[in-house]
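For reference, the structure discussed in these notes is given below.
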Amino acid sequence: MGERLTGVHIAEWSFLVLLALALAGIAALAVRRYALERRGGAVECYLRPYGGGPWRIGLGRYGSSALHWYRVLSLWPRPAATLPRRGLVVVGRRAPDAGDLAELTGDMTVVQLGWTGPDGADPDTPGYELAMGTAALTGFLSWLESMPPGPHWED
């Protein structure tokens with residue numbers, strides 16, 4: 001005779017399906033992160049718009065014309081933010097303040113980033129804040145300062 005599904009069987013199968021979906025999601029995140037880091041030029045950093053908002057953890061990938069920033073906890077294949085390299089300048093640098101320490105660690109440095117105006121003037125206000133460790137900051141500053149001259153430069 002056929003076995004009837006009881007509430008316990010349904011709960012067991014529901015749990016197994018949810019567990020399988022959660023494991024598949026974690027595996028997809030791990031594969032995505034591996035794919036982003038595999039080609040090199042990726043660093044872990046935090047990003048937020050200047051003026052506040054929560055810090056978002058992500059991976060910054062250096063391209064020849066932009067820093068592409070991807071959220072760590074996302075399956076979206078495209079960058080969540082693209083910071084063009086041409087005209088990008090560090091407006092300020094600081095240690096994390098008390099409000100930042102809820103999301104950042106004390107050994108990080110927060111850099112405020114903006115873009116020069118069409119006339120080459122320094123920006124009035126930053127557009128983004130980027131927080132990273134010392135080694136990642138050294139790499140970012142080297143990448144920023146090593147841009148080749150000329151108006152046309154592609155990824």
Side-chain angles (χ1 to χ4, degrees), residues 15 17-155:
F15 173 75
V17 167
L18 289 175
L19 181 62
L21 288 173
L23 291 175
I26 290 169
L29 286 173
V31 166
R32 179 178 173 267
R33 183 171 180 144
Y34 173 77
L36 287 172
E37 291 178 343
R38 178 183 59 152
R39 292 180 282 171
V43 295
E44 188 173 296
C45 56
Y46 292 77
L47 181 74
R48 75 174 177 184
Y50 180 75
W55 286 101
R56 305 279 187 210
I57 188 169
L59 292 173
R61 289 204 88 248
Y62 299 120
S64 60
S65 65
L67 173 71
H68 303 285
W69 185 83
Y70 299 84
R71 289 185 177 162
V72 166
L73 298 176
S74 172
L75 295 177
W76 189 249
R78 298 187 181 256
T82 298
L83 308 179
R85 189 176 185 182
R86 179 80 50 206
L88 182 63
V89 293
V90 174
V91 177
R93 185 187 306 199
R94 64 179 178 82
D97 61 26
D100 295 330
L101 290 176
E103 299 170 277
L104 304 177
T105 59
D107 62 341
M108 295 183 136
T109 301
V110 176
V111 290
Q112 296 148 344
L113 305 172
W115 287 267
T116 56
D119 59 351
D122 285 337
D124 293 330
T125 59
Y128 287 97
E129 288 186 302
L130 193 63
M132 55 184 71
T134 304
L137 178 61
T138 301
F140 172 75
L141 294 174
S142 295
W143 170 81
L144 190 58
E145 294 170 359
S146 67
M147 182 170 181
H152 302 291
W153 191 259
E154 301 295 327
D155 271 329

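Separation of atoms OH (Y128) and CH2 (W115) is listed at 6.0 Å; rounding is to 0.5 Å. I57 CD1 to R71 CZ: the interatomic distance, rounded to the nearest 0.5 Å, is 12.5 Å. Considering CG of L101 and CE of M108, their distance stands at 10.5 Å, rounded to 0.5 Å. For the atom pair SG of C45 and OH of Y70, the computed distance is 12.0 Å after rounding to the nearest 0.5 Å. Rounded to the nearest 0.5 Å, atoms CG (L130) and OH (Y50) are 14.5 Å apart.
Using a 4.5 Å heavy-atom cutoff, the side chains of D122 and V91 are not in contact. Using a 4.5 Å cut-off on side-chain heavy atoms (C-beta onward), S65 and R86 make no contact. Looking at L137 and V111, their side chains come closer than 4.5 Å, going by heavy atoms from C-beta outward. Side-chain contact between L67 and Y62 is present, with heavy atoms from C-beta onward closer than 4.5 Å. Looking at heavy atoms from C-beta onward, L104 lies in side-chain contact with W55 at the 4.5 angstrom threshold.
Under the side chain to side chain contact (heavy atoms under 4.5 Å, CB included) criterion, L144 pairs with L88, V90, F140, sequence neighbours left out. In terms of the side chain to side chain contact (heavy atoms under 4.5 Å, CB included) criterion, residue partners of D97 (sequence neighbours excluded) are, by chain and number, R94, D100. With sequence neighbours excluded, the residues that form a side-chain hydrogen bond (donor to acceptor under 3.5 Å, both in side chains) with Q112 are E129. Under the side-chain hydrogen bond (donor to acceptor under 3.5 Å, both in side chains) criterion, R56 pairs with no residue at all, not counting sequence neighbours.
Listed by first and then second residue, the side-chain hydrogen bond (donor to acceptor under 3.5 Å, both in side chains) pairs that reach into residues 135-144 come to none, sequence neighbours excluded. The list of salt bridge (charged side-chain N to carboxylate O under 4.0 Å, His left out) pairs with a residue in residues 133-146, not counting sequence neighbours, is empty.
Side-chain contact check for S146 and R85: at least one donor-acceptor pair (N or O, by modelled atom type) lies under 3.5 Å.
Minimum heavy-atom separation, V72 to G58: CG2-CA, 3.5 Å. The two residues P54 and R48 have their closest heavy-atom pair at O-CB, 3.5 Å. Taking each heavy atom of V110 and A131 in turn, the nearest pair found is CG2-CB, 4.1 Å. Residue G106 comes nearest to P96 through the heavy atom pair O-CD, 4.3 Å, listed as atom of the first residue, atom of the second, then distance. The two atoms that bring P84 and A66 nearest to each other are CA-CB, 3.9 Å, heavy atoms only.
Listed for the R93 side chain is no donor-acceptor partner under 3.5 Å among the backbone atoms of T109.
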